Amino acid sequence: MDLHEIKRILKDHLTHLLESMPDQKDLVIDPELTKPLDRVAGIAFLKEHGVDKIFKLEPSQKSLPGRGKRIYLVRANMLNMKYIADQITAERRLGQTREYIVIMVPRRLHVCEVILENEGVFGHVTLEEFRLDLFPLDTDLLSLEMHSLFKSFYLEGDYTHIHTVASSLVTLQHLYGRIPNVYAIGKLSKMTYDLMKTMHDHEEGQQTKFSIGQLYIIDREVDFVTPMCTPMTYEALLDETFGIECGVIELGAEIVGKQQNVKMLLTSNDPIYTEIRDCHFSSVFPFLSAKAKELHAIHEKKNSLTSIGDLKNFVTQDLGRLKQQQAALSHHISACEHIMKTKMKQDFESAIRAEHNLLEGSETRECIAYMENTLYRQDPYLSSLRLLCLLSLTQNGLTPRDYKTLKTDFLHSHGFEHLATFFSLKKLGMLVEQEQTSKVAAVKLRRSQFRQLANKLGLVPKSGEEVMTKNPTDVSYVFGAAYAPLTVKIVEYILQHEALQSFEDIGRMLPGGIHTHVKYRAASKGAAKTTFLPVGQHSPRTVLVYFLGGCTFSEVAALRTLAQREKLQIIVATTAMITGPSLLDSVCERK
Amino acid sequence: MDADDGEGFGDFRTRKKNIFDDDVSVEAAKKIITSARFDDDDLDDDMEILDLGSSTTSVKFSAAPLKSGGDMQFPKVNMLRGSNTGSNSSLTIEEAVGTMGRKFGSMDVDQMQQEIIQLRKQLLAARKERWTKMPVDLTLRRIMKGEPYSLENYRALEDKLSLLDKAVTLMDGNAITAAVLHLKKTVKRATFQQELMLRPVAANHYLAYLRGHFEHAELIDTLSMLGRSEEAAIVKYRLACSTGDINTKVSSLKACLRAHFEAEPSLAGDASLIREHIDLLERQRPIEDSDARLEAEGRTKVFLDFPRRFALVNMPVTTTLFYCCLYHYHLQENSFASPVSIKKRHELPERQFVWTAVSARAKAKGWTDIEQLLTAKGWFGGKKLKAAIGFGKVVDILHRFQAPHDILAKYLELVEDLDTRLTLAKKTDCKKAMIETLVKQKDRAGVEEFARKYSATIEAEYARRVLRDEAIRWK
């Protein structure tokens, strides 16, 4: 299956939009979209289609210079519309007349049109939409990179983004055929599935050939524990330390020891990266040093070159590759060093010990004392908050006494403004007080019993159980053999118990449950009923796992391991790539 | 034509008429079109209209509108009216057909004229439909597919609610927001609120709209009306916090406390935290004023030794405590900047106080202050060093602030666990403490190794002396 087909279609659509305004024009782009657009099209592509200057949409810029034709390419939200309206109004007041096209991503929204109308610029703009939904970050990874979904759906109960997710699934199935077997896990997953079905029902002609056999839609609400755990694989650590945005990482000049920052694209095109991305961090450094020696050996070869033919071979073949790999290698080594330095500074050992104890459900008092210490000494607030959430999630909430003490300590050390942060986390069910005394309707008590699930699915390997971190087959290696991500374990469980029609036993323990829609069975007994036909022999073993509300690189690594072990092809799709801290930060009160 | 055209029905018609008035030239019409406001339905047609102006000779145009003729495309209705009245503008399709007539047989012309008649009928029907309401399901499907739609024909409350409820069932958020805003715009406030209370999803969408539109007052009112008083209180609090001016901020916080947190018994816990917040700000204000002045004058030693890196106002309690321990450690308790007074007001745990005070005094190199702080009176007036955070942490902090070795050694001795003590001695490079700890552990091999490793130091001599001491019993 080639995911690049998706990119081609997006490019065609974009071409059409850009060409709809003939001649040269300027492009004003939402900062949030620059990176996705880079991955989908690139500057050269924009220039080819008549884009002259490119500006970022910034509220500070009251008006812009440039040509008489301008395209705005922005996420569809009210604030962006206000900025655009302000610029247009200011420019018109200056007596400048322009042609404006506003392209909303991923769709035109009623509220946006209302804003343009209220601001009095509706008549001066042409509205379009660019259905940028899922785009490939790698050969097995698709993302909407729509970070606002988490806050908007889970915290504010806004359904607007469900349409985008559902329609991204519809688009995907236009390309790769209708997926016969669907497992919707959690409330939002069920809603997405239903909307997707409605959209399908409005279409004529039913596809029956499929290249993807199974779809798992997983609601983040089902598993907040996983993002709260400290990652151990290289890629996940890179994301948490430096931030990977749309597959691109930026290393500071001081880290790589150069004049300028270095930007690296992290995909399976990089042979070194492919080997280490999903490795446990402890085995990354030995690998890199072995690789360095290997490269050195190739380099040494130049001294033993005897014939001109050898020399030519060396220069044309080895040298170029060598240089490229050398640069990549040195960047990875610098990144590794920086990660280690950061971890040492943060009292890493104690933090991990507390985390593991929480997952096992042991030494709770000690963990709480440790959390208090991190608050007294004003450790970065996201790391303290992460542990607090983990405590709440694994223990079904904090006792009223602990809740009060830890909340007060937190506010004392990081500002009373975080009162609002605690409210949001309570509403999300991530950090709650046991036995709610306040009568707030919005409070969702977590029905999910972490302990029960941990037992049922084997999330926490028994102490002493050896998990080979170097050649992993158990997905818990991604968290140093201390915890196997719940989301991945659910997928594993369903895969292994496919014959079962329902997964009530597990579904009962998950908020929202599991909804199964199976239309195709490889086994002979039900074959006559189905009209679905696989395109190739691998199609039934091709699996799409779609995370709603975000997915971590730890989960991607675990799914890759699972795919290898179970001989499946797994494609991961997500509404955004996230880390624990980025997830918390999105609902935190900032000063 | 004009009779059922409904010309006086509102600006929609009037505006359209202006564009296509007989005395408006094509050029002017184009200008108006490009600069005029259009209703949603018309947007798709902008380009076509422009094309028409610039290529009237193309006969294709009689076919183009025909295809979509039944689709309620209004600008084309007006174009046809132009043709009907035979205006002097060059926009008429009849003329367009006429100029190209030579190339076609009369059959073609007939056919086209018939098409025009048929088209006219269709458009007439479509125009009537424009003013009759479409089934709710169809409208919702159009919204979902991103096609033009109009809600203005849903005038009965039942229709509006049915639109809203079906949008919720469909789960298209865009449609839900559109429906809820339509309801809000067209019914009286009491009715709107009443219906909103029955529909939590719709309410969430309305609230999201208010948040995105920065309509704070209405947001808080609506939340309160919905019984979500804690959320209303938090929104108000967040708003008060974002106030820049410190005096305004304090009074906004007080107002918020009175109106929301104190009014709701279940929010008593948060109310007391907000009282703390207010008191903290009121404490910080005079300290900041006075310290900023002293620092500017440049005569106070402590501000010269440790220039202030930030203004105190709006800093958290812990930071404020550290600040006051650094600059105002010895003040009396009745002073604003007194660390003890901060500890009392915010009921800080002893461990937190010790932690922060030791750190701040270590930074100021106030070693005697630390000793005093950690000195506890015994039962019979005897003095004893005691640390709520454990001496291991004390050593950690002192080491971080580069305390001299004799100070470190003093506290290292008090670390009870010998393994921890040894680790800390190594970490802080306190050689004497290392030997003493090894002796306590009766670890002769350890001492021997030390003597080898640090053979050139004074402490190595001490180690050798210890090794010769026959009074020591080794493991």
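In this text the structure is predicted, and so the values were computed from the model without any measurement. Convention: sequence-line order gives letters A, B, ...; per-chain numbering from 1.
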Does some side-chain heavy atom of [Y] sit less than 4.5 Å from a side-chain heavy atom of [X]?
{"X": "A:Ser413", "Y": "B:Gln352", "answer": "yes"}
{"X": "A:Met78", "Y": "B:Tyr209", "answer": "yes"}
{"X": "A:Glu156", "Y": "B:Asn204", "answer": "no"}
{"X": "B:Glu276", "Y": "A:His412", "answer": "yes"}

Counting only heavy atoms not in [X] (residues, nucleotides, ligands), do more than 12 fall under 6.0 Å from its [atom1]?
{"X": "B:Lys145", "atom1": "NZ", "result": "yes"}
{"X": "B:Lys343", "atom1": "NZ", "result": "yes"}
{"X": "A:Glu19", "atom1": "CD", "result": "yes"}

In Å, rounded to the nearest 0.5 Å, how long is the span from [atom1] of [X] to [atom2] of [Y]?
{"X": "A:Arg377", "Y": "B:Ile389", "atom1": "CZ", "atom2": "CD1", "answer": "10.5 Å"}
{"X": "A:Gln378", "Y": "B:Ser359", "atom1": "CD", "atom2": "OG", "answer": "9.5 Å"}
{"X": "A:Phe423", "Y": "B:Arg238", "atom1": "CZ", "atom2": "CZ", "answer": "8.5 Å"}
{"X": "B:Arg351", "Y": "A:Tyr376", "atom1": "CZ", "atom2": "OH", "answer": "4.5 Å"}
{"X": "A:Phe422", "Y": "B:Leu273", "atom1": "CZ", "atom2": "CG", "answer": "10.0 Å"}
{"X": "A:Leu375", "Y": "B:Thr318", "atom1": "CG", "atom2": "OG1", "answer": "8.5 Å"}

Quick check: closest heavy atoms across [X] and [Y], and the distance to 0.1 Å?
{"X": "A:Gly415", "Y": "B:Pro316", "result": "N-CB, 3.6 Å"}
{"X": "A:Ile162", "Y": "B:Met171", "result": "CB-O, 4.3 Å"}
{"X": "B:Lys249", "Y": "A:Glu417", "result": "NZ-OE2, 4.1 Å"}
{"X": "A:Arg108", "Y": "B:Asn174", "result": "O-ND2, 3.7 Å"}

_Most chain A-contacting option - heavy-atom pairs closer than 4.5 Å, from B:Ile397, B:Leu170, B:Val201_ =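 Most heavy-atom pairs under 4.5 Å with chain A: B:Val201.
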*In terms of heavy-atom pairs under 4.5 Å with chain A, which of B:Cys241, B:Gly212, B:Ala203 leads?*
B:Gly212
Give, as side chain, backbone, both or neither, the part of [X] having an atom under 4.5 angstrom from any heavy atom of chain A.
{"X": "B:Pro349", "result": "side chain"}
{"X": "B:Leu226", "result": "neither"}
{"X": "B:Phe214", "result": "side chain"}
{"X": "B:Leu321", "result": "neither"}
{"X": "B:Leu280", "result": "side chain"}

*Under the 3.5 angstrom rule, does the side chain of A:His163 hit a backbone N or O of B:Met144 as a donor-acceptor pair?*
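Yes, the answer is positive, given that a donor and an acceptor are paired below the 3.5 Å cut-off.
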*Using a cut-off of under 4.5 Å for heavy-atom pairs, which of A:Ile115, A:Asn373, A:Asn77, A:Val114 has the most such pairs with chain B?*
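Top count of heavy-atom pairs under 4.5 Å with chain B: A:Asn373.
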*Identify which of A:Leu419, A:Thr160, A:Val111 forms the greatest number of heavy-atom pairs closer than 4.5 Å to chain B.*
A:Leu419
*Should the pair B:His346 and A:Phe416 be assigned to parallel (<30°), tilted (30 to 60°) or perpendicular (>60°) ring geometry?*
tilted
_From CA spacing to verdict: salt bridge (Lys or Arg N to Asp or Glu O under 4.0 Å), A:Lys427, B:Glu230_ = CA-CA 11 Å; A:Lys427 210 172 157 192; B:Glu230 181 175 9; over 6 Å; no
*Can you name the one residue among B:Leu181, B:Ile176, B:Ile143 that meets side chain to side chain contact (heavy atoms under 4.5 Å, CB included) with A:His110?*
B:Leu181
*Side chain, backbone, both or neither: which part of A:Lys407 has an atom under 4.5 Å from a heavy atom of chain B?*
side chain
*A:Arg98 versus chain B, heavy atoms under 4.5 Å apart: side chain, backbone, both or neither?*
neither
*asked:* Do the side chains of B:Asp172 and A:Arg107 get close enough for a salt bridge, i.e. N-O under 4.0 angstrom?
replied: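 Looking at A:Arg107 together with B:Asp172, the answer is yes, because their closest N to O distance falls below 4.0 Å.
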